[in-house]
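To start, the structure under review is shown below, and the notes come after it.
One-based numbering, in listed order, for ligands and for the atoms of each. Please read all numbers here as calculations on a predicted model, not as lab measurements. FYI, the numbering just counts along the sequence from 1.
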Amino acid sequence: MECWKCHGPTGHGDGPSAATLTDNKDLPIHPYDFSSGSRFMCGVTNRDLYKIFMTGLDGTPMPSFADDIKPAEAWDLVHFLRTLQPLDTPEAAIWKAWLASHARELKPIGPEGGGGGVNVDELFS
Ligand code: HEC
């Protein structure tokens with residue numbers, strides 16, 4: 001879905017488009033850094049998170065993905081985003097346990113699926 005173009009391959013808000021984004025008043029705006037905090041601007045629950053990328057955020061470059069993501073995939077994405085937060089969520093625990101034995105099976109996120117210079121080993125060490 002190319003979320004990485006704005007939010008960055010590791011969700012730090014540093015994708016290649018990040019520096020060029022402006023809001024509807026032409027002011028610079030930064031994509032959310034998922035590792036920066038425990039809450040999202042638009043709420044704290046999984047349902048809030050789901051709504052953000054299904055509806056998009058008005059007045060910002062954050063688009064709606066309702067036409068591109070099926071509901072079941074959207075819930076997968078919600079749980080994935082939870083693993084990026086610095087929180088002891090159930091998702092983070094499952095993710096860490098899975099990662100311990102499966103890290104090398106992961107396909108990096110980035111340009112042409114090639115990782116955009118992101119090293120999987122660095123990501124998960
Ligand atoms: C064109 C650039 C762009 C793309 C592509 C994009 N986003 Fe965003 N996103 C933004 C910006 C900019 C914000 C911050 C809006 C704000 O600060 O008001 C944001 C905010 C968010 C937030 C809200 C964070 C909060 O503080 O509540 C979530 C969640 C999010 N994006 C998820 C996604 C997901 C998931 C995808 C891919 C399916 C995606 N974004 C793709 C630019 C983008």
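Grouped by direct or indirect side-chain proximity (heavy atoms under 4.5 Å, Ile/Leu/Val/Met/Phe/Trp/Tyr only), Ile94 sits alone.
When non-hydrogen atoms are compared, ligand 1 lies under 4.0 Å from the side chain of Phe34 (C-beta onward) but not from its backbone. Residue contacts with ligand 1, taken as heavy atom pairs separated by less than 4.0 Å, do not involve Asp23 at all. With a 4.0 Å heavy-atom cut-off, ligand 1 is reached by no atom of Ser17.
At least one side-chain heavy atom of Trp4 sits under 4.5 Å from a side-chain heavy atom of Pro16. In this structure the side chain of Phe65 never reaches within 4.5 angstrom of the side chain of Leu77, judged on heavy atoms. Within the 4.5 Å cutoff, the side chain of Met62 has heavy atoms near those of the Phe53 side chain.
Residue Glu2 has no N or O atom closer than 3.5 Å to an N or O atom of ligand 1.
Nearest to atom 28 (C) of ligand 1 by heavy-atom distance, out of Asp48, Leu77, Ile52, Ile29, is Ile52.
The angle His7:NE2 - atom 8 (Fe) of ligand 1 - Met62:SD amounts to 180°, with values rounded to 10 degrees.
For atom 8 (Fe) of ligand 1, the N/O/S atoms of Cys3 include none lying under 2.8 Å.
Look at Pro61 and you'll find a heavy atom under 4.0 Å from some atom of ligand 1.
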